[in-house]
Protein chains: 2
Amino acid sequence: MVERESTPLTDILKAASDPTRRAILTLLAQDGPTRVTEIAARFEMSLNAVSKHIKVLEAAGLVSRRTAWREHIIEVRMEPLAEIDRWFRELRSIWEMRLDALNSLLTEENDND
Amino acid sequence: MVERESTPLTDILKAASDPTRRAILTLLAQDGPTRVTEIAARFEMSLNAVSKHIKVLEAAGLVSRRTAWREHIIEVRMEPLAEIDRWFRELRSIWEMRLDALNSLLTEENDND
DNA sequence: GCATAATTCATCCATATGGTTGAACGAGAA
DNA sequence: TTCTCGTTCAACCATATGGATGAATTATGC
């Protein structure tokens, strides 16, 4: 398979596209900074599986980790989600520009009637 | 592996998380409804690969297909992207509610000083 | 030093994903 | 009928992903 550049946006969307990971984000948003073990306790899967999910979120910048003693405190970070919003807005504006161009073209034609 | 429910949001995020698919969406937003072959011509991969990407986008509702004779005209659909925005907003509001609660707790404590 | 606790690391497994190539299909054109 | 065109379907392959389990790590408490 060809080498694929991993843009931040791709990582963010990939990270957010898993239901378990979204649930983790929701949990963190509700409860605030939480230990890995405590997060894992909320899910019916192994601690290790949750730990891996958290690492994916961390790599995408969606959570940050603060190691206090032997506990790793995980905290949600909202900023990267704005990237998604930015992409969405850009796509929409491209789309609207085309529609505007179409409209003005039609108006011009009407003027020439 | 356990059976995983496929929510619309999961499908939308998964579909949007691939750079090629986002490029297809951008292209469609710019150029408007386009034939499959024509879309494929813009990418350095086989027609079949692009066709598969389009099917993923279609399953997520991000594009619609209009079969005109033997040509399949693909069109971008913006509506499902609002789902992402909705999720984002919900997460943020949960997050802000917690912060507000925290703040009012602190204020209360200050009042009691 | 030794047990304990919170995590990660290392393996392994099954399935999903993104890509390729070649065959099949459906419908107008010769 | 047979050819051609636009597209999907069917295999197939390599790698990624999500999960499990057991060992290793790291730092305190006894």
Side-chain angles (χ1 to χ4, degrees), chain A residues 1-25 27-28 31 33-60 62-75, chain B residues 1-25 27-28 31 33-60 62-75:
Chain A
M1 210 173 302
V2 186
E3 186 185 348
R4 302 166 68 74
E5 91 286 18
S6 172
T7 67
L9 182 55
T10 298
D11 288 344
I12 295 166
L13 285 167
K14 261 187 152 60
S17 72
D18 183 276
T20 303
R21 286 195 286 265
R22 284 202 305 280
I24 292 176
L25 293 179
L27 192 136
L28 289 172
D31 297 1
T34 309
R35 286 182 312 132
V36 174
T37 312
E38 208 166 323
I39 298 172
R42 308 289 206 88
F43 294 90
E44 294 203 323
M45 73 180 64
S46 74
L47 173 72
N48 283 7
V50 172
S51 171
K52 282 214 282 186
H53 278 307
I54 291 174
K55 288 216 301 182
V56 173
L57 290 170
E58 197 182 6
L62 288 169
V63 304
S64 64
R65 181 189 304 261
R66 179 171 82 241
T67 306
W69 183 36
R70 64 185 171 193
E71 302 179 347
H72 293 209
I73 312 288
I74 310 299
E75 185 165 10
Chain B
M1 208 174 304
V2 187
E3 186 186 349
R4 303 167 67 74
E5 92 286 20
S6 171
T7 67
L9 180 56
T10 298
D11 287 344
I12 293 166
L13 285 166
K14 261 186 152 60
S17 73
D18 183 276
T20 305
R21 286 195 287 265
R22 285 201 306 280
I24 291 176
L25 292 179
L27 192 137
L28 289 173
D31 298 0
T34 309
R35 286 181 313 131
V36 173
T37 311
E38 208 165 325
I39 297 171
R42 308 289 207 90
F43 295 89
E44 295 205 323
M45 73 181 63
S46 73
L47 174 71
N48 282 8
V50 173
S51 171
K52 283 213 281 187
H53 278 307
I54 291 174
K55 287 217 301 182
V56 173
L57 290 170
E58 197 181 7
L62 288 170
V63 304
S64 64
R65 183 189 303 261
R66 180 171 80 240
T67 306
W69 183 35
R70 64 187 171 191
E71 301 180 347
H72 294 209
I73 313 289
I74 311 297
E75 186 164 11

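Throughout, protein chains are lettered first and strands after them, A, B, ... in sequence-line order, and every chain is numbered starting at 1. Computed over heavy atoms, backbone and side chain alike; hydrogens, waters and symmetry mates excluded.
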A/Met45 atom CE is separated from D/dG19 atom P, nearest whole Å, by 4 Å
DNA chain C nearest-nucleotide lookup for A/Lys14 and A/Ile74: closer to the 5′ end is A/Ile74
To the nearest angstrom, the CD1-P distance between B/Ile54 and D/dG6 comes to 15 Å
In whole angstroms, the gap separating P of D/dC5 from CD of B/Glu38 amounts to 17 Å
Here the distance between atom C1' of D/dG6 and atom CD1 of B/Ile73, to the nearest Å, is 11 Å
Taken to the nearest 0.5 Å, the spacing of A/Asp31 CG from A/Ile74 CD1 works out to 14.0 Å
Counting C-beta onward and ignoring hydrogens, is there a side-chain heavy-atom pair between B/Ile54 and B/His72 closer than 4.5 Å? no
Taken to the nearest whole Å, CZ/B/Phe43 to P/C/dT20 is 13 Å
Original post:
OP1, OP2 of C/dG18 versus side-chain N and O of B/Arg21: anything below 4.0 Å?
Top reply: yes
Between B/Leu28 and B/Glu75 the two heavy atoms that sit nearest each other are CD1-C, 4.3 Å
Can you tell me if A/His72 touches the phosphate of C/dT8, counting only side-chain N or O atoms and a distance under 4.0 Å to OP1 or OP2? yes
Side-chain contact check for B/Glu71: nearest option of D/dG19, D/dG6, C/dA6 is D/dG6
Between NE2 of A/His53 and C1' of C/dT8 the distance, given in whole Å, is 16 Å
note: B/Arg66, atom CZ; D/dG6, atom P; distance rounded to Å ~ 17 Å
When A/Glu44 and B/Val36 are each assigned the nearest nucleotide of DNA chain D, the 5'-most assignment goes to B/Val36
Output yes when at least one side-chain N/O atom of A/Lys55 is less than 4.0 Å from OP1 or OP2 of C/dC9, else no.
-> yes
Task: Sub-4.5 Å side-chain heavy-atom contact between A/Leu13 and B/Leu13 - done: yes
Review point. Does A/Lys52 make a side-chain N or O approach to OP1 or OP2 of C/dC9 shorter than 4.0 Å?
Key: no
Notebook entry, point to check: Think B/Ser46 has a side-chain N or O under 4.0 angstrom from the OP1 or OP2 of C/dG19?
Noted result: no
**Prompt:** Does the base of D/dG22 carry an N or O that pairs as donor and acceptor with the side chain of A/Asn48 under 3.5 Å?
**Reply:** yes
Counting the atoms with a prime plus P, OP1 and OP2 as sugar-phosphate, which does A/Ala49 contact under 4.0 Å by heavy atoms, base, sugar-phosphate, or nothing?
sugar-phosphate
Exercise. Evaluate the side-chain proximity of A/Arg21 to A/Lys14: yes if any heavy-atom separation is below 4.5 Å, no if none is.
Key: no
Between CG of B/Leu47 and P of C/dA24 the distance, given in whole Å, is 18 Å
